[in-house]
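Below is one structure; the comments refer to it alone.
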Amino acid sequence: MEEITTRIPFYDLIRDFLVTDSVKNLFLIRHGETYFNLEDRIGGDSSLTPKGLRQAQALAQYFKSKSIPFIYTSKKKRTIETAEPIRDLQPNCSIIPLEEFNEIDSGICECMSYEEIRTQMPEVYYARKRDKYNYVYPCGEGYATMKERVDRGIKKALFLSGRAENIMIVGHRAVNRMILSHFLYRRTEDVPYIYIPQDKFYHIVATQYKKLFQLGPYE
Ligand code: F6P
């Protein structure tokens, strides 16, 4: 397990005390491989590939010895399909899809590949490259404009989880970067480059007494 430890700024203590006092462990997962991932396409509502389904089964085996009463997903098929096998091996587990955890809306670029964007809309491609955090896709979102809704999703999930000790969020690449940066301080310009692999998961502990970030494999 790779461990990231950090100094806890005072304002973080206040924030973590307010929002994660009863939830002790947050397992942050990215959905398994999709057909769109194979073509490097963004957005859309693609399903998992056979490899993605195997990743979901492996996650289910890994987490079956831990009690996960709540799994929060986005409204997209790929996150729900990843969560279902995990739920099926738990004695008591609900999947709660929240639109706040939907992937960044790439507006006029939805369903395009990065290469198509570069060749057909170079102004979009290069403007985003220059300032990825603040760039907003035409008719869509940017990292900066997603912040409010992702923070709302985290608060909603923690509230709905009541006194549960362990919860899981199955999200997407950009959304998971924003969730991580809610708990772990990062300069905004670095947030869109945080590593969010599909074969590992983040374990986050952000209570008043302990702050821990681990990135580890599940198989
Ligand atoms: O896996 C693809 C994806 O989730 C897209 O749907 C999304 O637009 C993208 O990743 C976000 O990553 P980046 O901000 O690095 O383009």
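All ligand and atom numbering here is 1-based and tracks the order in the structure.
- Within the listing of ligand 1, atoms 13 (P), 14 (O), 15 (O) sit less than 4.0 angstrom from a heavy atom of Lys132.
- Nearest-heavy-atom check against atom 4 (O) of ligand 1 across Glu103, His172, Arg173, Met112 picks out Glu103.
- Using a distance-only test at 3.5 Å, with no hydrogens or angles considered, no donor-acceptor pair links the side chain of Glu81 to the main chain of Ser47.
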Please list every donor-acceptor pair under 3.5 Å in which a side-chain atom of residues 88-98 meets a protein atom from a residue at least two apart or in another chain.
from: Gln90; atom 1: OE1; to: Ile68; atom 2: N; distance (Å): 2.9
from: Gln90; atom 1: NE2; to: Phe63; atom 2: O; distance (Å): 2.9
from: Gln90; atom 1: NE2; to: Lys66; atom 2: O; distance (Å): 3.0

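- The closest approach between Tyr114 and ligand 1 falls below 4.0 Å for a heavy atom of the residue.
- Heavy-atom proximity to Ile42, at under 4.0 Å, picks out these atoms of ligand 1: 5 (C), 6 (O), 8 (O).
- Heavy atoms of Arg177 found under 4.0 angstrom from ligand 1 belong exclusively to the side chain.
- For Glu110, the closest heavy-atom approach to ligand 1 does not fall below 4.0 Å.
- For a threshold of 3.5 Å applied to N or O pairs, the pair formed by Tyr137 and ligand 1 contains no separation below that value.
- Between Phe70 and Tyr72, the ring planes lie parallel to each other; the angle is under 30°, not in the 30° to 60° tilted range.
- The Gly43 neighbourhood of ligand 1 comprises atoms 5 (C), 6 (O), with distances under 4.0 Å to a heavy atom of that residue.
- Under 4.0 Å from ligand 1, the heavy atoms of Arg128 that appear belong solely to its side chain.
- Contacts between Phe36 and ligand 1 below 4.0 angstrom, taking non-hydrogen atoms only, are absent altogether.
- Taken to the nearest 0.5 Å, the CD1 atom of Ile194 stands 9.0 Å off from the CE atom of Met178.
- In Gln198, neither the side chain nor the backbone holds a heavy atom less than 4.0 Å from any atom of ligand 1.
- Other residues sharing a hydrophobic cluster with Tyr193 under the 4.5 Å side-chain heavy-atom criterion for ILVMFWY residues do not exist; the residue is a singleton.
- Gln198 places a side-chain N or O within 3.5 Å of a backbone atom of His31 that can act as its donor or acceptor partner.
- The part of Ile104 lying near ligand 1 is the side chain, judged by heavy-atom distances below 4.0 Å.
- In this structure the side chain of Ser74 never reaches within 4.5 angstrom of the side chain of Val175, judged on heavy atoms.
- Of all the atoms in ligand 1, the ones that sit under 4.0 Å from a non-hydrogen atom of Asn37 are 1 (O).
- The nearest pair of heavy atoms linking Lys211 to Phe183 is NZ-O, 2.6 Å.
- The protein heavy atom nearest to atom 1 (O) of ligand 1 is Arg30 NH2, 2.8 Å.
- With respect to the salt-bridge test (charged N to carboxylate O, under 4.0 angstrom), the residues Arg41 and Glu116 qualify.
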